[in-house]
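Predicted, not measured: the structure shown is a model, and the values here were computed from it. Numbers here are sequence positions counted from 1.
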Amino acid sequence: MSAEEVTAMRDAALALSGIVKQYPGVRALDGVDLTVRPGLVHAVLGENGAGKSTLVGVAAGSVTPDEGRITILGREYAAMTPAVAREHGLALVYQTPALAGSLTVAESMLVLLPEQVRPKVGAASAWTDAHLRGLGLDIDADLQISDLTVREAHLVEIAAALATEPRVLVLDEPTEALGPDETNWLFDRIRALVATGTAVVYITHRIPEIRQIAQTMTVLRDGRVVGGGPVADHTDEQIVEMIVGRSLDTTFPDKPDLSAAPVVLTVDGLSGAGFTSVDARVSAGEIVGFAGVEGNGQRQVLRALAGLVRADGRVTVKDRSVSLAGPAAAARHGIAFLSGERLQEAVFGDLTVRENVDALSLTRVSLLRSVLMPGKERALVSPAVAALRVKAASLETPVGTLSGGNQQKVLLARAGIGDPAVLLVEDPTQGVDAGARLEIYRVLRELAGRGTAVIVLSTDAVELEGLCDRVLVFSRGRIQAELSAATLSERDITGAAVLATERTVAAPAAGGRHRRRRRLLGGETHAALMLLLTILVGGATAVHSPTFLGMLNIGQLLLATASLAVVGLGQLIVVMTGGIDLSVGSVVALSVVTASFFGAGPPALFAVGVLAGLAAGALVGLVNGVLVTRVNLPPVVATLITSIGVVGVAQLLRPLPGGQAGDTLLAALGTTVAGVPMVFVIVVLIGIAGHVLVRRARAGRALRATGSDPLSASRMGVGTLPTRLLAYLLAGALAAGGGIALYAQTGVGDSSVGQALTLASVTAVVLGGASIFGGSGSALATLATALFLQTVTSSLSFLSVSIAWQYWIQGILVVAAALVPLLRGRRRRRAVVALTTA
């Protein structure tokens with residue numbers, strides 16, 4: 001490297017030199033250099049898959065390069081992490097918001113902000129509210145990220161980046177989910193940052209935005225730098241030619257004469273939430289655009305035609321009446337829908353390109369409608385993928401690893417082989433580069449050419465003008481104007497939308513959603529409910545058998561609760577990270593056996609046994625964590641393996657029950673406080689400490705973020721692997737603590753005890769409101785649920801109910817507890833979709 005280049009890197013706000021990143025079958029970056037100077041907006045352009053997001057991921061630490069150097073504000077780094085990048089002045093806003101859904105907006109700020117600007121935990125909500133209001137954003141700091149629309153999530157991440165007071169701000173497709181007013185809001189803040197000397201890296205597919213905000217640019221193609229320089233020195237045609245590697249003589253395909261085409265889709269009097277009295281006709285081969293200012297009903301109408309939104313009215317396809325009872329009913333009549341929310345509603349991210357393309361055509365590639373034929377699959381899928389020039393290493397590449405543009409091409413390939421009568425396309429080129437747009441426009445016109453009636457919803461008036469044969473402009477839930485070829489222009493489309501005088505309200509106001517919502521009982525409703533149920537069950541049992549409330553039974557019940565509660569707390573920590581620990585019962589047995597070797601001596605010697613048991617449990621947890629995080633075994637497999645091994649060790653140590661505790665130790669273990677066993681008091685204190693950890697500590701936010709969305713958590717700066725490792729270690733130690741509590745109850749070493757606590761601990765966690773998918777949970781609710789379960793077990797014994805029924809009832813409780821959060825999550829997703837489309 002020359003002296004001039006060294007000086008340039010030292011003076012740059014951000015300098016990447018010789019960056020290489022290789023993925024299986026793809027060289028994403030091949031010796032890329034990027035230099036961004038203070039006080040300038042530097043645009044990075046390229047087609048989807050050109051390497052733009054990978055490059056900024058390298059700068060932000062979410063992607064580790066194979067080769068190259070990273071320099072931020074004159075300091076060189078051999079490796080980078082999101083947390084280090086943020087602490088040293090670089091903030092990154094991702095194309096898909098890197099926010100964990102289980103955290104609140106305020107908690108997300110606590111994770112995202114560096115130490116020097118991070119508010120105190122107790123003041124986080126008030127600070128976040130003030131910061132958002134200062135930016136002109138009406139978003140409640142106490143809302144969970146999962147309750148936000150995609151637009152709001154983008155705004156929250158932008159707000160967090162601005163709060164870091166960055167010296168380098170990287171924006172990856174920041175306006176894809178924003179409307180015009182919000183885009184202007186963002187540009188104003190970018191200009192204010194640049195005026196203070198901040199360097200901004202701006203990734204976008206929109207050349208008008210580059211003209212408006214950027215001074216310099218770098219163009220990538222196939223992982224290499226192919227051009228750049230001052231934006232003002234290049235025409236739009238030159239920029240596009242650098243991006244796609246060829247001259248673009250025409251952007252949109254020719255429009256055919258459709259004067260004699262038969263009508264395929266007829267809509268009469270379609271009405272629903274946010275729209276009313278919509279009439280429309282779409283002919284075979286015609287592309288009709290839906291336009292209007294966002295929120296005026298056009299999106300709801302499109303989704304109503306797809307069966308996703310309830311609506312009344314008459315819809316026919318090829319003179320056959322269509323029931324809009326749901327997506328399946330619409331699909332049966334030949335209506336296909338391509339959602340703009342690709343990852344959430346359209347593609348199967350973990351499945352391959354092949355599996356995504358033929359997902360709706362399995363009967364065509366299977367034998368007797370049951371056995372898939374690989375040869376038929378390839379013969380059907382390969383031509384469709386090749387025609388769209390999908391950039392993927394092979395047909396077996398997971399779709400989730402592809403760029404947004406290539407994911408859209410996969411969806412179009414799926415629609416193409418399905419041969420729909422009506423194709424509904426929502427935001428077809430959102431997040432798609434200039435070159436991919438041409439392919440998408442071409443394919444849409446080819447699909448129309450087969451006789452398909454196509455409806456395209458887009459916020460890009462230029463796109464609608466060039467692609468569509470007619471455009472229907474919506475205003476306040478009605479069709480305000482119909483523009484045909486003679487009046488179809490960007491000016492007319494925009495003018496019809498903004499000059500509308502329609503007075504019908506398009507959709508119910510959603511402003512109430514942003515009001516601060518008080519959390520009943522501090523959000524611990526599950527804990528309160530479990531305590532209430534415990535009182536009801538105990539009271540009902542006492543009516544039948546008054547001895548149930550005797551001191552002896554209550555003491556034994558609380559001791560049994562202590563064992564289950566502390567094991568449940570360990571299970572909770574693992575479940576919150578999205579895992580499960582099937583070895584906790586075996587660890588309990590090992591801990592009981594270990595303690596029994598010290599039980600005959602004085603209490604001081606028993607303390608050594610307690611430490612030995614806890615150490616053994618922690619060691620088992622560490623092994624579980626390594627198997628899950630380093631060996632990448634599924635949690636069920638990893639913990640089942642260790643469970644078998646640990647119970648074998650316990651049986652070797654104590655083939656038969658033995659090691660009875662001495663009278664002095666039993667007296668010490670039986671110590672009570674106001675009639676409550678000391679062991680139970682200690683477990684309650686552990687639970688309270690766990691509650692504080694989960695709700696207020698950084699480690700608790702890391703646990704919830706990791707379980708909610710590991711990728712987003714990692715991009716937020718959370719060490720997801722160490723967090724999961726620590727969770728298993730703590731689960732092992734707490735399970736061992738459960739064994740100590742059980743030994744205090746039985747006073748004898750028995751390797752056969754504890755196995756039932758595995759299922760019981762999962763029951764306590766799930767019934768306590770924790771999500772079985774990770775990301776949420778309450779230590780207090782787990783404590784209360786453990787008490788409830790032991791009360792039920794004790795009550796059934798007093799009521800002479802068989803052991804079999806005790807297990808049946810426990811199983812029923814688990815199923816009920818698992819269904820409640822699933823149904824709640826389903827309602828929440830529907831509400832978010834409704835608000836997004838409103």
Quick one: does any side-chain atom of [X] pair with a main-chain N or O of [Y] as donor and acceptor, under 3.5 Å?
| X | Y | value |
| --- | --- | --- |
| K52 | G46 | yes |
| T175 | L178 | no |
| H333 | S321 | yes |
| Q407 | L402 | yes |
| T266 | V315 | no |
| H154 | Q95 | yes |
| Q298 | F474 | no |

(message) Is it the case that atom NZ in K255 sees more than 12 heavy atoms from other parts of the structure closer than 6.0 Å?
(response)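 Atom NZ in K255 is crowded, with more than 12 foreign heavy atoms closer than 6.0 Å.
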(message) Just checking R314: does its CZ atom have more than 12 heavy atoms from other residues, nucleotides or ligands closer to it than 6.0 angstrom?
(response)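 No, the 6.0 Å shell around CZ holds no more than 12 heavy atoms from other groups.
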Of all the heavy-atom pairs spanning [X] and [Y], show the shortest one and how long it is.
| X | Y | answer |
| --- | --- | --- |
| A415 | P420 | O-CD, 3.1 Å |
| A392 | V353 | CB-CG2, 4.2 Å |
| V278 | G477 | CG2-O, 4.1 Å |
| I239 | L45 | CG2-CD2, 4.0 Å |
| P428 | Q408 | O-NE2, 2.7 Å |
| V473 | L483 | CG2-CD1, 4.1 Å |

[atom2] on [Y] to [atom1] on [X], rounded to 0.5 Å:
| X | Y | atom1 | atom2 | value |
| --- | --- | --- | --- | --- |
| T352 | E355 | OG1 | CD | 3.5 Å |
| E463 | I440 | CD | CD1 | 8.5 Å |
| L270 | T276 | CG | OG1 | 9.0 Å |
| I493 | C468 | CD1 | SG | 7.0 Å |
| R470 | L488 | CZ | CG | 10.5 Å |
| L99 | S708 | CG | OG | 10.0 Å |

When you check the side-chain N and O atoms of [X] and [Y], is any donor under 3.5 Å from an acceptor?
| X | Y | value |
| --- | --- | --- |
| Y94 | S712 | no |
| E209 | Y202 | yes |
| D312 | S271 | no |

Charged N-O contact under 4.0 Å between [X] and [Y]:
| X | Y | answer |
| --- | --- | --- |
| R354 | E396 | yes |
| D279 | R478 | no |
| E446 | R450 | no |
| R281 | D268 | yes |
| D469 | R445 | yes |

(request) Applying side chain to side chain contact (heavy atoms under 4.5 Å, CB included), run through V456 and F290 and close with a yes or a no. (result) CA-CA 6 Å; V456 173; F290 278 8; over 6 Å; no
(message) Determine whether I455 and F337 satisfy the following criterion, side chain to side chain contact (heavy atoms under 4.5 Å, CB included), listing intermediate values before the conclusion.
(response) CA-CA 10 Å; I455 298 178; F337 173 64; over 6 Å; no
(request) Using a 4.5 Å cut-off on heavy atoms from C-beta on, say whether the side chain of V425 contacts that of L423. (result)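 Yes, their side chains come closer than 4.5 Å.
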(request) Report yes if some heavy atom in the side chain of S283 is under 4.5 Å from a heavy atom in the side chain of V264; otherwise report no. (result)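 In short, these two side chains do not touch, never coming nearer than 4.5 Å.
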(message) Which residues pass the salt bridge (Lys or Arg N to Asp or Glu O under 4.0 Å) test with D30, not counting sequence neighbours?
(response)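 For D30, the residues satisfying salt bridge (Lys or Arg N to Asp or Glu O under 4.0 Å) (neighbours in sequence not counted) are R27, R224.
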